[in-house]
Structure formats: C-alpha cells, structure tokens
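A short write-up of the structure that comes next.
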Amino acid sequence: MYVDLHCHSHFSDGAHPPNYLVRTASEKGISHLALTDHDCIDGVEELWDRLPQGETDAESTNSMRLIAGVELSCDWNGLEIHVVGLLEDPRQQALQVLLLRQQQERRARAAAIADKLKGINIIGLEDYLAELPAISVTRSHIADFLVLKGHCKSLQKAFKTHLGRRGKAYVAANWCSLEQAINAILAAGGIAVLAHPSRYPLTRSKLGRLLHDFREAGGEAMEVSYGNLDPTAKKRLLELADEYALYHSCGSDFHTDQAQWTALGKFPRFEPSATKNAIWEHPRWHSCVAAGRAISLTEV
Ligand code: AMP
Ligand code: MN
Ligand code: MN
Ligand code: MN
C-alpha cells in the first residue's frame, strides 16, 4: 500500500489540473490517491465522468485507485480547522449544500478582501480571480495575485503583510462548524480525517481537547504523516491517534510542483509494525475505494 490521501488541483488552490495529479501519482507507484480540494469536488467530478469504475483491487490489477475526497475548512472555538473527507458518495445532497455554502462564503470573503485592497490602492483582484479555473477561491490565489503584480515579494510575505490575521486586508471567514463538516462527510458515507494536526496554533492540552471534540462529533481518523513533519512530531501524533482511538491517515497536501517539501507522495510511509490502525483497516475504507475510479497504468 502506498497511499496519498490529501492533494489539491486547480479547482481549489492547486496549480495543476486533476489529470496531471493522476498521471504523476501513477508514475510514482502510488496505489491509492484521494483528491481533496478545499470545499469543492469539481476535480473529482471531472475525473469521475471520464474514468471507469473498474476493478476494485488495486494491487492485483496493476492500477491506481482514485478515491473521492474533499478538505473542509471549519470553525472550532474560533480556530480554523481542516477536515479531510474520504467519500463514498461525493454527490450526496447534504454535502453538496454545505459545499455550495462554503464556496459562496469564499467568494464573499474574496470580494471583501478586494475592497480592502482597493482602500490601499491595489486594484484588479476581481478580474484576476475571474480568469482562474478555481471553484473554491482561496487566499492562496490572492497571495499569487499580490506577488504577480509586484505588491509582495513572496507568498509568505503576502500572508504576513496583507492576508494573515494581522494583515492589511485580512477578512475573517465564516466557516461551517466542526460538527457540520463531520456530519456532511458521514452523510456521504465517508470517513472524517483531521488534517495536519501539528499545524494549528494549539498547546498540547488544547490539541487534546480538539481531538476529543473531533471524536465526539464522529471524526474517525487523523493524519499522522505528511510532508515537512519532523520525526518527533510524527511520534507524538501517532501516540495521540492511539490515545483518542483515531485511524492513521497520511497525505502530501500537494499543491504545486514548485513546493518540493510537499511533492505528491512525499512523506514518511507507515512502519509495517504500526499498520494495525492504518486508515485502510477502517470498516468503510473498502466502500470508499469501491466507489472510486480505476486508473490503468497504461492509460495515463
Ligand atoms: P483559505 O482557505 O482561503 O484561507 O486559504 C488558505 C490556503 O492558503 C491554505 O490552504 C494554504 O494552501 C495557503 N496558505 C495559508 N497560509 C499560508 C502561508 N503563510 N504561506 C503560504 N500559503 C499559505
Ligand atoms: Mn491550500
Ligand atoms: Mn489544510
Ligand atoms: Mn490541503
């Protein structure tokens, strides 16, 4: 098993179309790939319409298995938390309703940011965003715009000076709650996975409280291996996952070939001795995989 269960296409803030991710993942020998765009499944739908459901056993058919996924931004006690959903039915209605609301919220926030930027004589954001293939508009796109137009030297600086909490054009988002995000994933027959737990500004005890609330709300897994995670942090996450009875997931959080630390498939693989609670042991893993698509290595 070589699974990458977290990556982004150009339908959210990834740089590449879904087809490119599929091709690159198969070339790297990945057995299961989940496309998990921020608050949209348009990349999944594009692939779903083009690819056969085919055989379900990736290892015996020499094909990669594509799993429908999503990464939902949500609010937990005023903090933005990301929950990855591995889905059986991405077109399920409650999920669709939630996604449309989140996308609408993203557009409203981008418009408010555009207004703030106009106040400091930065114009043209709306025109720039209108040309993008993105269905979910993110601050990452706005950071690209600020760098491209010469207002900021780097994406990091754009977040620091303009888009982050203390930035000149910061606008808070009004995300759904942690419970709403998990409920929508469960309604779609999915598994809710807490994304990159070490990236939130939380003390040890507060992270424990988050994991407790996540589990109470129906969350069943967490990422314990991803790009740029040091071995000490990884060990602590494994312990926490076991303490809160959460299955272990992993994914690169790939966005672009420009960022080498988060290349597709790049993160420490699970140790064979630690696979007892791996995500593929989850009772609903097989239904999510079976509902997915087969990519034959000769096709891509
Ligand atoms: P949003 O979901 O619209 O708030 O946009 C957040 C996205 O921007 C994340 O998914 C990251 O891909 C990216 N991002 C967040 N913070 C930073 C940062 N400090 N530097 C670069 N990219 C960032
Ligand atoms: Mn992103
Ligand atoms: Mn995230
Ligand atoms: Mn992500």
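For clarity, every value in this text was computed on a predicted model and none was experimentally measured.
In this structure, Tyr226 contributes its side chain and Pro268 its backbone to no donor-acceptor pair below 3.5 Å. Counting only distance, with no hydrogens or angles, the side chain of Lys116 and the backbone of Tyr170 share a donor-acceptor pair below 3.5 Å. Put simply, the side chain of Glu223 never gets that close to the backbone of Ser225: no donor and acceptor are under 3.5 Å apart. Gln92 places no side-chain N or O within 3.5 Å of a backbone atom of Asp89 that could act as its donor or acceptor partner. Between the side chain of Asp37 and the backbone N or O of Cys40, no donor-acceptor pair lies under 3.5 Å. No donor-acceptor pair closer than 3.5 Å links the side chain of Arg91 to the backbone N or O of Gln96. Looking at Thr36, its side chain never comes within 3.5 Å of a backbone N or O of Gly69 through a donor-acceptor pair. Under a 3.5 Å cut-off, the side chain of Thr256 and the backbone N or O of Ala259 do not form any donor-acceptor pair. Without hydrogens or angle criteria, Arg65 side chain to Gly292 main chain gives a donor-acceptor distance under 3.5 Å.
Salt-bridge check for Glu243 with Arg215: failed, with every basic side-chain N at 4.0 Å or more from each acidic carboxylate O. Between Asp253 and Arg199 there is a salt bridge, with a side-chain nitrogen of the basic residue lying less than 4.0 Å from a carboxylate oxygen of the acidic one. Comment: Glu220 engages Arg284 in a salt bridge, judged by a side-chain N to carboxylate O separation of less than 4.0 angstrom. Contact check on Arg109 versus Glu105 returns no salt bridge, with no Lys/Arg side-chain nitrogen under 4.0 Å from an Asp/Glu carboxylate oxygen.
Residues Leu98 and Leu72 have side chains in contact (heavy-atom distance under 4.5 Å, counting atoms from C-beta outward). In this structure, the side chains of Val224 and Ser249 stay at 4.5 Å or more apart for every pair of heavy atoms. Between Thr24 and Val22 the shortest side-chain heavy-atom distance does not fall below 4.5 Å. Between Tyr128 and Ile142, the closest side-chain pair of non-hydrogen atoms is not below 4.5 Å. Under the 4.5 Å side-chain criterion, counting only non-hydrogen atoms from C-beta, Val84 is not in contact with Val70. Side chains of Leu125 and Ile123 form no contact here, defined as non-hydrogen atoms less than 4.5 Å apart. Under the 4.5 Å side-chain criterion, counting only non-hydrogen atoms from C-beta, Ile191 is not in contact with Tyr247. Side-chain contact check for Leu155 versus Val147: some heavy-atom pair is nearer than 4.5 Å.
For the side chain to side chain contact (heavy atoms under 4.5 Å, CB included) test with Leu100, the passing option among Gln104, Gln103, Gln102 is Gln103; the others fail.
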Walk me through whether His282 and Asn277 qualify under side chain to side chain donor-acceptor pair (under 3.5 Å).
CA-CA 8 Å; His282 188 288; Asn277 297 321; over 6 Å; no
Step by step, would you call Ser252 with Asp4 a side chain to side chain donor-acceptor pair (under 3.5 Å)?
CA-CA 6 Å; Ser252 57; Asp4 188 337; 2.7 Å; yes
List the steps, then state whether salt bridge (charged side-chain N to carboxylate O under 4.0 Å, His left out) holds for Lys118 with Glu126.
CA-CA 11 Å; Lys118 277 178 208 151; Glu126 288 106 327; 3.0 Å; yes
In sequence, state the C-alpha distance, the side-chain angles, and the governing distance for Glu27 and Arg23, and then conclude on side-chain contact (heavy atoms from CB on, under 4.5 Å).
CA-CA 6 Å; Glu27 281 165 7; Arg23 194 169 55 237; 3.6 Å; yes
side-chain contact (heavy atoms from CB on, under 4.5 Å), that's the test. Do Asp75 and Ile81 meet it? Break it down for me.
CA-CA 6 Å; Asp75 176 80; Ile81 299 296; over 6 Å; no
For Leu163 and Ile113, run side-chain contact (heavy atoms from CB on, under 4.5 Å): C-alpha distance rounded to whole Å, both residues' side-chain angles, the deciding distance at 0.1 Å, then the answer.
CA-CA 8 Å; Leu163 303 170; Ile113 293 175; 4.1 Å; yes
Please walk me through it: do Met222 and Val83 pass side-chain contact (heavy atoms from CB on, under 4.5 Å)?
CA-CA 9 Å; Met222 67 182 245; Val83 179; over 6 Å; no
Kindly indicate, with the supporting measurements, whether the criterion side chain to side chain donor-acceptor pair (under 3.5 Å) is fulfilled by Asn19 and Arg50.
CA-CA 10 Å; Asn19 210 32; Arg50 283 216 321 254; 3.1 Å; yes
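Because its NZ or CZ atom is both nearer than 6.0 Å to the ring centre of Tyr2 and within 45° of the ring axis, Arg269 counts as a cation-pi partner of that residue.
Annotation: Trp285 is in aromatic contact with His32 [ring centroid separation under 6.0 Å]. A distance of 6.0 Å or more separates the ring centres of His8 and His10. Aromatic ring centres of His82 and His38 lie closer together than 6.0 Å.
Within 6.0 Å of CG on Leu148 lie more than 12 heavy atoms contributed by other residues, nucleotides or ligands. Enclosure of atom CD in Gln93 is not indicated, since only 12 or fewer non-hydrogen atoms of other residues, nucleotides or ligands lie within 6.0 angstrom.
By the criterion of side-chain heavy atoms lying less than 4.5 angstrom apart, applied directly or through intervening Ile, Leu, Val, Met, Phe, Trp or Tyr residues, Ile279 is grouped together with Leu229 in one hydrophobic cluster. There is a path of hydrophobic side-chain contacts, each under 4.5 Å, that joins Leu79 to Leu237. In the hydrophobic clustering of ILVMFWY residues, with side-chain heavy atoms under 4.5 Å counting as a link, Met1 and Leu86 come out together. No single ILVMFWY cluster, assembled from side-chain heavy atoms under 4.5 Å apart, contains both Leu21 and Ile135. In the hydrophobic clustering of this structure, Leu95 does not group with Phe11; members are Ile, Leu, Val, Met, Phe, Trp, Tyr whose side-chain heavy atoms approach within less than 4.5 Å, directly or through other members.
Distance check, rounded to the nearest 0.5 Å: CG of Asn77 to CG of Asp213 gives 6.5 Å. The CH2 atom of Trp175 sits 5.5 Å away from the CG atom of Asp39 when rounded to the nearest 0.5 Å. Considering OG of Ser154 and NZ of Lys157, their distance stands at 5.5 Å, rounded to 0.5 Å. If you take CG on Leu5 and CH2 on Trp280, they are separated by 8.5 Å, rounding to the nearest 0.5 Å. Expressed to the nearest 0.5 Å, how far CG of Leu87 lies from CD1 of Ile67 amounts to 10.0 Å. From Ser26, atom OG reaches atom CG of Leu264 across 9.5 Å, with rounding to the nearest 0.5 Å.
Shortest non-hydrogen contact noted between Gly189 and Cys288 is O-SG, 3.8 Å. The two atoms that bring Ala195 and Glu71 nearest to each other are CB-OE2, 3.9 Å, heavy atoms only. When all heavy atoms of Arg106 and Val137 are compared, the closest pair comes out as NH1-O, 3.1 Å. Contact between Phe159 and Ala143 at its shortest, heavy atoms only, is CE1-CB, 3.8 Å. In terms of heavy atoms, Leu66 sits closest to Trp48 at O-CH2, 3.5 Å. The two residues Leu117 and Ala169 come nearest to each other via the heavy atoms CD2-CB, 3.7 Å.
Side-chain atoms of His141 and Asp13 form no donor-acceptor pair, as typed in the model, at a separation below 3.5 Å.
Between His16 and Phe254, the two ring planes are parallel [angle under 30°; tilted spans 30° to 60°].
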